[in-house]
Every structure is written in C-alpha cells, then in structure tokens.
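Here's the structure, in structure tokens; my notes come after.
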Amino acid sequence: MKNKVSIHWFRQDLRIQDNPSLNHLSKNYENIVCVYILDEINCDRTIGSASKVWLHNALEDLNQQLNGNLIFLSGDPLKVLDELTNFFDVEEISWNRCYESWTINRDKKIKEYLKKKIKVSSFNGLLLWEPWEVLKDNGTPYKVFTPYYKRGCLSKPPPREPKETNLKIYDHNFKQTSLKDLKLLKNKKWEEKILTNWKISEVEAKNTMKSFFLNGVSDYSEGRNFPSKKNVSRLSPYIHWGQISVNTLWHNAMKISRTINSNSAEVFMSELGWREFAYYLLFHSPNLQTKNLQNKFDRFPWNNDERFYNAWIRGKTGYPIIDAGMRELWQTGYMHNRVRMIVGSFLVKNLLHDWRRGEAWFWDCLFDASTASNSASWQWVAGTGTDSTPYFRIFNPITQSQKFDPDGAYIRKFIPEIKKLPNKYIFSPWETPINLQQELSTIVGQDYPRPIVEIKSSRELALSAFASIKQN
DNA sequence: CCTGGAGTTGTCCTA
DNA sequence: TTAGGACAACTCCAG
C-alpha cells in the first residue's frame with residue numbers, strides 16, 4: 001500500500017473539504033495525486049471569459065492548499081490520464097460527477113477505458129439528489145418545480161451530511177507543471193477590475209456562507225428582491241466551482257431555520273432546490289442549452305436586431321434598471337437575481353431577441369455560469385420551458401425599478417452619469433424637464449441614451465408575436 | 001382513464 | 001386610492 005498511488009481528478013469540485021472523491025481516496029491511500037485538466041477538446045463550447053478568470057484563481061488557491069502539488073494539464077483527459085497512470089503506479093482513480101451531456105459521454109468513455117487497467121470510481125459531489133433518483137410514481141421525470149421539489153426531493157432521504165476531509169499531502173515527483181500554461185488569463189485590465197469585489201478561495205467561500213447566515217438570511221425572503229440590500233448570499237460562483245458544497249449549505253441552512261422566526265432559511269433552501277432542478281432538467285433534456293423545451297417556440301418570429309443587442313450588452317438601452325444590471329454584469333461578473341429576470345424579460349419580450357443570445361452573453365460574463373442554471377433560467381424567463389413564466393408576464397423595467405430600487409441606489413451605483421437626477425426621474429430619465437437636464441448637466445440623448453424601444457408598443461408587439469405561435 | 005386543482009418572481013384596466 | 005379580475009389555454013400531477 002505504501003508506494004501505491006491514487007489519482008483525484010478535479011473538475012467542478014475545487015475544494016478540499018466535503019469532497020466525496022477525495023474523502024474516499026484519503027481513507028484508502030497515503031499517496032494521492034491531484035490533477036486538473038483543461039479540456040477544450042471534448043466540450044461543446046469553451047468556458048466563458050469571466051469563468052476563466054474565476055477558474056484560474058480557484059485553482060491557484062487549491063494548489064496552495066496542496067503545497068504546490070496540483071498538476072495542471074490540458075488536452076484530452078483520456079490521453080492525459082492514461083499518461084499519468086503510466087507514470088505513477090496507480091491503483092485507483094476517482095472524480096466527482098458532472099452532468100452536461102458532453103461530460104457524461106466523455107467520462108463514460110474514460111471510465112470504460114481505464115477500468116481495464118485500474119480501479120475507477122465516481123461520486124456525487126455536486127448535487128443534493130441525483131437526477132435519476134427523483135422520478136414520478138410512473139417512473140418519468142418531473143417537469144414542474146413545485147412537485148419535483150416538494151414531493152420528489154423532500155420526501156427522499158435527506159442529502160448526505162458534509163464531511164471533513166483528512167488529506168495527507170503527497171509530494172509527488174511528476175514533472176513541474178504551471179497554472180500559467182493553461183492560459184486562462186488574457187485581458188489584464190478587465191480581469192483586475194472584475195476581481196475587485198471578490199476573494200476567490202475555499203476559505204472565502206466558507207466566510208461568505210457564515211456572514212450570509214449571520215446577517216443576510218433572516219430577511220432573505222423579502223430582502224433578496226432588492227439589489228441594493230445585503231440579503232442575497234452571493235454564493236453562486238463558489239457553489240458553481242465547487243468551492244463550497246451544497247451539502248454544507250443545506251445542512252447549515254437547516255440548523256439556521258430552527259433558530260429564526262421567518263421562513264427565510266427555507267426560502268434559501270428552495271433556491272438550492274431550483275439549482276437542483278436546473279441540473280435535473282439538463283440531465284433529462286441534454287439539449288437544454290440549445291433547444292426550446294416547448295417546440296412551438298421553434299417557429300417564433302425573433303427579431304434579433306443587432307443594434308438592440310449591442311445596446312443591451314453594453315448597458316445603453318436608455319432604461320436605467322436594465323443598463324445598471326448589464327453594467328453590473330460586465331464590471332463584477334455577477335448580477336443580482338431580480339435584475340437578471342428584468343434584463344432577461346426585456347431582451348426577449350421587448351427587444352424580441354432569441355433567449356439563446358442572452359444565454360450566450362451571460363455565459364461569457366458570469367462567474368457563476370453553468371450550462372444547467374443559465375439555460376434553465378433563460379428558458380424560464382423566455383417562457384419556452386415547460387414550467388415557466390406565461391408569455392403575457394412581461395416585466396416593466398420602470399415599475400420594477402420603482403418597486404425594488406425605490407431610492408435608485410442600485411441605478412446610481414452603476415450609472416454614475418445620471419446620479420444627479422432626482423428620484424422622480426431616475427427610473428425614466430427621458431421624462432426629466434429639459435431645463436432641469438441642463439441645470440444638472442445630464443442631457444438625455446447626449447450623456448445618457450434615449451430609450452431604444454417604447455415599453456407599451458414593444459410589449460404589444462411581443463404579445464401578438466407570442467399569440468402567433470399558439471397551438472392551433 | 002378521468003378529474004380537478006395548480007403552476008417562483010407581472011401588468012394593466014376597471015370599478 | 002385600491003383591490004380584483006383579465007390576460008390563454010395548456011400541461012402537469014396526484015388521487
């Protein structure tokens with residue numbers, strides 16, 4: 001046993017603690033080799049620009065925790081792992097499962113191949129319930145969230161309790177590899193700026209959880225709707241990259257729920273449930289990212305006007321709440337959940353753009369972008385999913401911002417050029433009397449754009465377009 | 001097989 | 001000023 005080596009393959013589980021695969025190996029082996037493989041060969045699309053930045057920093061932290069023993073390689077994991085098993089005297093290799101169809105197919109192939117030589121194991125380190133375990137009585141998958149979550153998930157045995165990993169660090173003698181060789185960083189100026197609001201490490205993931213449970217969660221169910229309040233967890237990137245396990249969050253939230261009066265901890269848990277549901281939909285509908293779940297939307301007359309799209313991605317639509325959200329995304333790699341719905345509804349239903357273009361932009365810009373959550377959420381907001389918002393539910397950017405950013409703090413933070421406008425006009429700058437615009441040197445059409453579409457008429461256009469694809 | 005209640009997050013108009 | 005219904009009809013789900 002002494003010289004025998006095992007390999008843990010890091011993927012979407014960039015943590016030491018409560019890592020089922022690492023836990024398994026550390027129980028049985030003294031020597032664990034840890035490897036990360038950047039796979040740009042099998043993937044159906046490369047990871048987004050913001051994601052690469054997060055990944056780079058998360059790997060750096062992980063490597064530090066491993067005393068510099070994390071091996072960084074890129075290429076086809078089958079070949080890479082094959083080489084590693086030739087170099088070391090490997091008895092077992094293991095990893096935590098991923099759920100995109102391309103990863104499932106790839107991993108299956110790798111498993112079949114390596115099994116001929118060594119022991120291969122995989123674990124659930126990403127989800128609370130495996131997608132194939134939650135089914136209706138008739139054996140088919142759920143399509144609606146509430147019954148999926150309440151009857152499907154909550155009636156199952158509770159998710160596994162988190163477990164500390166007791167890992168002995170193994171100083172291996174494999175050739176020196178460098179994180180830099182993965183070439184994840186490119187645009188230094190933007191990368192520095194986008195990182196100013198984040199600390200990317202496993203410890204910081206835990207700190208973020210603690211401070212959320214201490215300060216944010218008690219008023220989460222109401223406060224989470226207000227982008228300038230501190231009631232959202234901002235845990236999504238850490239969760240996505242596996243720097244904290246959902247099991248840790250679930251069981252801690254459960255404890256908190258017994259100590260507070262509101263139902264806020266349960267609401268937070270159901271948000272974890274929505275993440276589960278996204279992975280569930282992806283598993284049972286592998287084309288979630290590219291195909292409308294309701295195929296009648298395949299004949300929807302999207303407009304896809306480039307000028308509209310460019311104004312949207314740059315945060316220059318003339319609607320402050322939309323522009324603030326899109327700039328938050330670009331500047332911080334994150335967007336508040338309510339604002340994601342507002343900008344999504346606007347792109348699809350006021351600008352009549354195919355949700356897949358929005359999904360692609362979010363994929364490139366979000367630190368927390370996962371194929372599962374990103375695609376499922378866009379299908380929800382577009383109304384193309386099976387369990388999604390009805391087509392006539394169109395968010396009004398003005399009333400939404402009046403309601404959820406009542407003092408305009410969020411808008412002013414991300415659109416400094418209109419910060420001098422009084423509250424009366426901050427949600428609809430074009431209504432500011434011209435003499436006031438001059439007095440405040442905030443000229444609409446010059447310092448800040450006029451609205452690119454009119455809300456009322458674009459809404460009516462959308463309603464008739466949606467009516468045109470009705471079943472008969 | 002049939003039945004009936006329900007479906008994350010809205011808006012607008014009318015009385 | 002405010003509360004309630006229309007917006008559309010469909011599919012899902014469980015008894």
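Naming: A, B, ... by sequence-line order, numbering from 1 per chain. Please read these numbers as outputs of a predicted model, since none were measured by experiment.
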message: Is there a side-chain contact between A:Thr399 and the phosphate of B:dT11, meaning an N or O under 4.0 Å from OP1 or OP2?
response: yes

statement: Exactly one of A:Trp250, A:Tyr148, A:Tyr142, A:Phe283 clears ring pair (Phe, Tyr, Trp, His ring centres under 6.0 Å) with A:Trp129, and that residue is A:Trp250

message: How many whole angstroms separate atom NZ of A:Lys349 from atom C1' of C:dC7?
response: 12 Å

message: Measuring only the C1' atom in each nucleotide, how far is C:dA8 from B:dG7? A whole number of Å is fine.
response: 14 Å

query: Does the side-chain ring of A:Trp274 lie flat on the base of B:dT8, meaning centres under 5.5 Å and planes less than 30 degrees apart?
result: yes

Residue A:Phe145, side-chain atoms from C-beta onward, closest of B:dT8, B:dT9, C:dC13: B:dT8

statement: A:Glu271 has its side chain closest, among B:dC13, B:dG10, B:dT8, to B:dT8

query: Would you say the side chains of A:His336 and A:Asp405 form a donor-acceptor pair under 3.5 Å?
result: no

- prompt: Could you state the CD1-C1' distance from A:Ile342 to B:dT11, rounded to the nearest angstrom?
  reply: 13 Å

- request: Have a look at A:Phe392 and say if it touches a base, only the backbone sugar-phosphate, or nothing, with a 4.0 Å heavy-atom cut-off.
  value: base

- line: Per atom distances to the A:Lys143 side chain, the nearest of C:dA8, C:dC13, B:dG10 is C:dC13

message: Rounding to an integer number of Å, can you tell me how far A:Arg151 CZ sits from C:dC13 P?
response: 11 Å

field: Min side-chain heavy-atom separation A:Leu214-A:Lys210 under 4.5 Å
entry: no

message: Once you apply a heavy-atom cut-off of 4.0 Å, does A:Glu222 come out as touching a base, just sugar-phosphate, or nothing?
response: nothing

- request: Write down the distance between CH2 (A:Trp380) and P (B:dG7), rounded to a whole number of angstrom.
  value: 14 Å

- line: Under a 3.5 Å limit on both distances, the Watson-Crick or wobble mate of B:dT8 is none

Span that lies between the P atom of C:dA9 and that of B:dT11, in whole angstrom: 22 Å

message: Among C:dC13, B:dG10, B:dT8, which nucleotide has an atom closest to any side-chain atom of A:Pro147?
response: C:dC13

field: Basic-acidic side-chain contact under 4.0 Å: A:Glu306, A:Arg357
entry: yes

query: Over how many whole Å does the gap from A:Tyr148 atom OH to C:dC12 atom P extend?
result: 17 Å

- prompt: If you measure only the distance, is there a donor-acceptor pair under 3.5 Å linking the side chains of A:Lys111 and A:Ser122?
  reply: yes

Interatomic distance at C1', C:dC12 relative to B:dG10, whole Å: 22 Å

- prompt: Can you check the A:Lys150 NZ to C:dC13 P distance for me, whole Å?
  reply: 15 Å

